Amino acid sequence: VRATGGGNSTRYLMIDAYASGDDPVQLNALEIPQDNHLLLSVHAYEPYQFVQNKEGTTHWSSENAEDTGELDEIFAGLQNVSRSFEIPIVITEFGALDKGNEKDREDWCRYYVRKARAAGFSYIWWDNNYPAAPKECFSILDRQNNKVAYPELADILTGKN
């Protein structure tokens, strides 16, 4: 890519581990070339039982160490990888299924975003198009009606809340 000309010699490129995983074992196995214009892309959906498993828990609290522990561990591992490889991290996918648990999702999102910002990571919420995927709804935007379906989540993500 670097040798193809144009702006490609300094264009930022994203690289990732297998399946864009956030597992430190996968990430530490990466062979990252010497290049000052790389970003490490990870998908980080934690804790699984709350954010992805439709049959999992609907409850999450930033006041409960059992709930926050997995996120704390993931972010500590990502920070170690970022420092050891001297590469910025972009969380290119994260989110939590809508299980009719909006206050818990907001609490989780607020905690998650706070951890990402403190670590210096950029992040992108996975929005899979509300209401097209109601049983796997990660969306914040209602594209059919051109409105924000979950304004509190949008405010948390954009730093307004």
Side-chain angles (χ1 to χ4, degrees), residues 7 11-27 30 37-82 87-161:
R11 183 181 314 276
Y12 275 89
L13 300 174
M14 281 193 176
I15 59 173
D16 60 352
Y18 176 74
S20 297
D22 63 3
D23 182 270
V25 173
Q26 289 174 304
L27 294 171
L30 283 172
H37 293 92
L38 295 176
L39 303 167
L40 182 58
S41 165
V42 298
H43 295 180
Y45 290 94
E46 266 83 38
Y48 171 78
Q49 292 300 324
F50 177 73
V51 302
Q52 280 190 310
N53 186 349
K54 290 180 264 189
E55 307 303 320
T57 184
T58 59
H59 300 292
W60 193 92
S61 172
S62 59
E63 303 297 317
N64 183 344
E66 288 183 26
D67 288 346
T68 61
E70 190 172 347
L71 279 180
D72 294 342
E73 187 177 309
I74 290 297
F75 276 98
L78 290 174
Q79 283 181 291
N80 288 337
V81 167
S82 180
I87 189 169
I89 289 179
V90 179
I91 301 169
T92 50
E93 275 191 32
F94 85 109
L97 281 171
D98 178 5
K99 301 179 195 175
N101 58 339
E102 203 54 32
K103 292 299 176 195
D104 289 86
R105 284 200 322 156
E106 290 166 9
D107 189 25
W108 170 84
C109 184
R110 191 173 287 108
Y111 189 86
Y112 194 109
V113 165
R114 193 176 311 128
K115 296 293 283 188
R117 287 182 180 153
F121 302 158
S122 298
Y123 50 86
I124 302 167
W125 180 280
W126 171 249
D127 186 315
N128 63 342
N129 194 10
Y130 179 91
K135 293 192 189 251
E136 292 188 12
C137 181
F138 283 93
S139 67
I140 294 175
L141 304 175
D142 177 348
R143 292 176 183 86
Q144 284 184 317
N145 297 303
N146 195 29
K147 68 177 192 164
V148 177
Y150 299 97
E152 286 296 319
L153 285 174
D155 285 350
I156 293 166
L157 292 167
T158 58
K160 293 180 183 174
N161 182 347

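This one's a predicted model, so the numbers in the text were calculated from it and none came from an experiment. Counting from 1, the numbers follow the sequence of the chain as shown.
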Taking only distance into account, with no hydrogens and no angle test, what donor-acceptor pairs under 3.5 Å do side-chain atoms of residues 14-22 form with protein atoms, sequence neighbours excluded?
from, atom 1, to, atom 2, distance (Å)
Asp16, OD2, Ser20, OG, 2.5

State, yes or no, whether a side-chain contact exists between [X] and [Y] at a heavy-atom distance under 4.5 Å.
X      : Y      : result
Ile91  : Phe75  : yes
Arg117 : Tyr123 : yes
Val42  : Ile89  : yes
Leu27  : Leu78  : yes

Return the minimal non-hydrogen interatomic distance between [X] and [Y], and the atom names on each side.
X      : Y      : answer
Ala44  : Tyr112 : O-OH, 2.7 Å
Leu97  : Gln52  : CD1-O, 3.0 Å
Glu136 : Asn128 : O-ND2, 2.5 Å
Ala154 : Ile140 : CB-CG2, 4.0 Å
His59  : Phe50  : O-CD1, 3.7 Å
Pro24  : Gly77  : CG-CA, 4.4 Å

Who are the ring-ring contact (aromatic ring centres under 6.0 Å, His included) partners of His37, not counting sequence neighbours? Tyr12
List for me each residue that meets ring-ring contact (aromatic ring centres under 6.0 Å, His included) alongside Tyr45, sequence neighbours excluded, and say none if there are none.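 Residues passing ring-ring contact (aromatic ring centres under 6.0 Å, His included) with Tyr45: Phe138.
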Nearest 0.5 Å please: distance from the [atom1] atom of [X] over to the [atom2] atom of [Y].
X      : Y      : atom1 : atom2 : value
Arg11  : Leu38  : CZ    : CG    : 13.5 Å
Tyr150 : Cys109 : OH    : SG    : 13.0 Å
Leu153 : Arg110 : CG    : CZ    : 9.0 Å
Ile124 : Ser41  : CD1   : OG    : 7.5 Å

A quick test of your reading: do over 12 heavy atoms of other residues, nucleotides or ligands sit less than 6.0 Å from CG of Asn145? yes
The criterion is side-chain contact (heavy atoms from CB on, under 4.5 Å); which residues satisfy it with Ala76, sequence neighbours excluded?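 Ala76: no side-chain contact (heavy atoms from CB on, under 4.5 Å) contacts found.
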For this output row, return yes or no: ring centroids of Phe94 and Trp126 closer than 6.0 angstrom. no
My understanding is that only residues two or more places apart in sequence, or in another chain, count here; which of them pass salt bridge (charged side-chain N to carboxylate O under 4.0 Å, His left out) with Glu106?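 Glu106 satisfies salt bridge (charged side-chain N to carboxylate O under 4.0 Å, His left out) with Lys103 only.
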Salt bridge (charged side-chain N to carboxylate O under 4.0 Å, His left out) partners of Glu73, counting only residues at least two apart: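 Applying salt bridge (charged side-chain N to carboxylate O under 4.0 Å, His left out) to Glu73 gives none.
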Side chain Trp108, main chain Glu46, donor-acceptor under 3.5 Å: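 Yes, because the side chain of Trp108 sits within donor-acceptor range (under 3.5 Å) of the backbone of Glu46.
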Short question: side chain of Asp142, backbone of Lys147 - any donor-acceptor pair under 3.5 Å?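 Looks like no, no N/O pair under 3.5 Å.
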Assess whether side-chain hydrogen bond (donor to acceptor under 3.5 Å, both in side chains) is satisfied between Asp67 and Tyr111, documenting all intermediate values. CA-CA 11 Å; Asp67 288 346; Tyr111 189 86; over 6 Å; no
Salt bridge or not for Arg143 and Asp127, using N-O below 4.0 Å?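 Salt bridge flag = yes for Asp127 with Arg143.
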With Lys99 as reference, evaluate Thr58, Val51, Asp104 under the side-chain contact (heavy atoms from CB on, under 4.5 Å) test and give the passing residue. Thr58
